Amino acid sequence: MAQVFLTRGDLERALALYTESLQYLEQIGDIQGKAASLSGLANLYMRNKDWEKAEQLVQEALALAQRLGDLEQIAFNTGKLGQVAEARGDLETARKRFLLARDLHLQLGQQHIAAQVEEMLASLDDNKTAQNGGEEEALMAVANQMRAALNQARASAARGLLPNAIAHQQAAIHHARRLAEETNAQEAWVQLSVLLYNLAGYHSQAGQHGAAVACLQEVVSLDERTGHPDLESDRAALTQAQAALAQSPADAANEAELTPEQAAQLAAFARQPEQMPPAEQAALRRQLVTQSLLQQAGEIVVNFLRGDLDAAAAAQAAGEIESVAAQVAADEEMGLGRQALADFLRAAAHRLRRPAQPAGPAAWPPVPAAYAEWVAQIEAAAQEP
């Protein structure tokens with residue numbers, strides 16, 4: 001939930017939830033979960049440009065990863081420290097951290113992530129040019145990187161490779177956000193809004209309705225900020241995405257579809273949760289979160305089994321799913337079923353680290369009985385033309 005509020009720009013609520021999660025993780029001694037929450041909390045401070053606090057949190061997460069011997073998280077947090085150093089203007093330290101992160105990802109066989117770190121190194125050179133008086137040239141380079149990522153997103157979408165399209169579109173948005181924040185130009189904020197709108201479309205096509213809603217909420221916020229004439233139509237698109245989210249099965253482990261009354265309740269919650277009784281808020285929030293996690297994990301595994309996701313991207317996704325599973329298991333608000341959901345997510349992550357073939361439920365580790373049918377559906381969907 002903290003990640004959801006961070007995406008929506010509600011930093012105060014995200015901070016409160018991250019802080020609460022850290023308290024729970026401390027109590028149960030979950031070191032891996034604590035490292036993940038510290039890294040997520042660092043993202044919040046990076047959004048606020050509080051680089052000192054962000055670096056402190058990432059250093060803590062890195063120390064925990066080193067204690068666990070988790071090379072993947074060591075590489076990830078080393079790269080994030082490079083981003084913080086770059087933002088603070090310490091380009092030499094940033095370069096050293098990026099190079100170390102790149103080499104670690106290559107050592108792990110994560111060529112796709114190593115290539116992303118190479119892009120950060122290229123961006124670092126652009127920043128150095130800016131420090132030497134070439135700010136305009138540096139911004140032009142960022143714009144070129146944005147356009148290149150956007151072209152890759154469009155090409156992937158045209159081929160039906162939605163996971164790749166989403167990844168490239170997110171990279172384009174990263175560059176667009178930087179342009180908007182550094183120039184504060186009206187057209188830059190409008191461009192960011194357009195790219196987010198398109199990303200919402202990719203998420204919707206992939207069945208990731210929760211992610212689509214989060215994107216469109218930021219689009220509406222940007223429209224209000226810029227006074228864009230598409231505000232009303234974008235609000236309508238947000239309402240439609242919320243309805244799509246509400247009408248999807250809230251618990252994929254249950255074969256029954258939501259009744260119209262339940263769908264209406266979910267739609268109402270998505271729009272105005274504060275108007276519902278606390279107990280109903282909690283129950284529907286669990287349904288929404290469960291639905292979103294199952295949809296996204298299932299979509300990732302299906303694309304992996306179809307060969308639309310390479311091994312490096314699958315390994316990265318597996319790490320992220322395991323991090324979410326740790327947070328789910330520690331979140332008492334997810335109710336008594338949280339351990340079963342966490343076990344299913346861990347099983348999905350395990351499946352992503354195994355060869356795509358041979359396929360079938362037998363390729364999965366044991367999953368809770370409530371999710372056995374869901375595993376069968378994922379494997380069947382991967383075989384569909």
Side-chain angles (χ1 to χ4, degrees), residues 2-15 42-51 54 83-84 86-89 116 119-120 122-124 126-127 129-131 134-154 157 165-204 208-242 271:
Q3 292 172 336
V4 170
F5 285 119
L6 179 61
T7 301
R8 293 176 177 176
D10 190 341
L11 304 187
E12 184 176 347
R13 296 183 75 178
L15 175 60
N43 291 336
L44 186 151
Y45 284 100
M46 290 171 75
R47 286 277 293 271
N48 274 342
K49 299 187 178 180
D50 186 343
W51 308 117
Q83 292 176 301
V84 173
E86 179 182 5
R88 298 177 72 168
Q116 293 177 340
E119 290 185 6
M120 294 178 187
S123 176
L124 194 66
D126 297 336
N127 268 352
T129 301
Q131 284 192 349
E135 184 174 354
E136 183 177 346
E137 289 82 356
L139 291 176
M140 287 180 62
V142 175
N144 288 335
Q145 290 174 339
M146 178 193 70
R147 284 190 286 270
L150 186 57
N151 288 336
Q152 289 176 309
R154 289 169 177 165
I166 288 170
H168 290 308
Q169 188 75 9
Q170 288 172 332
I173 286 170
H174 168 76
H175 297 307
R177 196 181 300 279
R178 178 179 168 187
L179 287 172
E181 290 176 349
E182 292 193 11
T183 65
N184 200 30
Q186 176 91 349
E187 59 271 19
W189 291 112
V190 170
Q191 183 175 54
L192 175 61
S193 176
V194 171
L195 296 186
L196 283 162
Y197 184 91
N198 293 338
L199 177 60
Y202 293 148
H203 280 306
S204 293
Q208 299 169 359
H209 302 299
V213 167
C215 289
L216 289 169
Q217 285 175 327
E218 187 172 0
V219 168
V220 169
S221 177
L222 288 170
D223 285 353
E224 292 171 343
R225 172 177 181 165
T226 61
H228 199 276
D230 288 346
L231 174 59
E232 290 308 315
S233 62
D234 288 340
R235 280 176 173 163
L238 173 58
T239 299
Q240 185 176 1
Q242 289 170 327
R271 294 185 183 91

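All values reported here derive from a predicted model rather than from experimental measurement. Throughout, numbering of the chain's residues begins at 1 and tracks the sequence.
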Quick one: side chain to side chain donor-acceptor pair (under 3.5 Å) partners of [X], sequence neighbours excluded?
X      : value
His175 : none
Asn144 : Arg147
Trp189 : Asn184

Might you point out which heavy atoms bring [X] and [Y] nearest each other, and give the distance in Å?
X      : Y      : value
Arg88  : Trp51  : CG-CB, 3.4 Å
Ala212 : Ala200 : CB-O, 3.6 Å
Ala172 : Met146 : O-CG, 3.4 Å
Leu15  : Tyr45  : CD1-OH, 3.7 Å
Val84  : Ala54  : CG2-CB, 4.4 Å

Inter-residue atom distance [X].[atom1] - [Y].[atom2], 0.5 Å rounding:
X      : Y      : atom1 : atom2 : result
Leu216 : Leu222 : CG    : CG    : 11.5 Å
Asp234 : Glu224 : CG    : CD    : 10.5 Å
Arg178 : Gln145 : CZ    : CD    : 7.5 Å
Arg177 : Ile173 : CZ    : CD1   : 7.0 Å
Gln170 : Cys215 : CD    : SG    : 7.5 Å

For this session: Determine whether Asn198 and Gln169 make a side-chain contact, defined as any pair of heavy atoms from C-beta on separated by less than 4.5 Å.
Result: yes
What pairs with [X] under side chain to side chain contact (heavy atoms under 4.5 Å, CB included), at least two apart in sequence or on another chain?
X      : value
Ala185 : Thr183, Glu187, Ala188
Glu232 : Arg235
Arg154 : Leu150, Asn151, Tyr202

Side-chain donor-acceptor pairs of residues 190-197 under 3.5 Å, sequence neighbours excluded:
residue: Ser193; atom: OG; partner: Asp223; partner atom: OD1; Å: 3.3

Exercise. Quick one: does Ser221's side chain have a donor or acceptor within less than 3.5 Å of a partner on Gln217's backbone?
Worked result: no
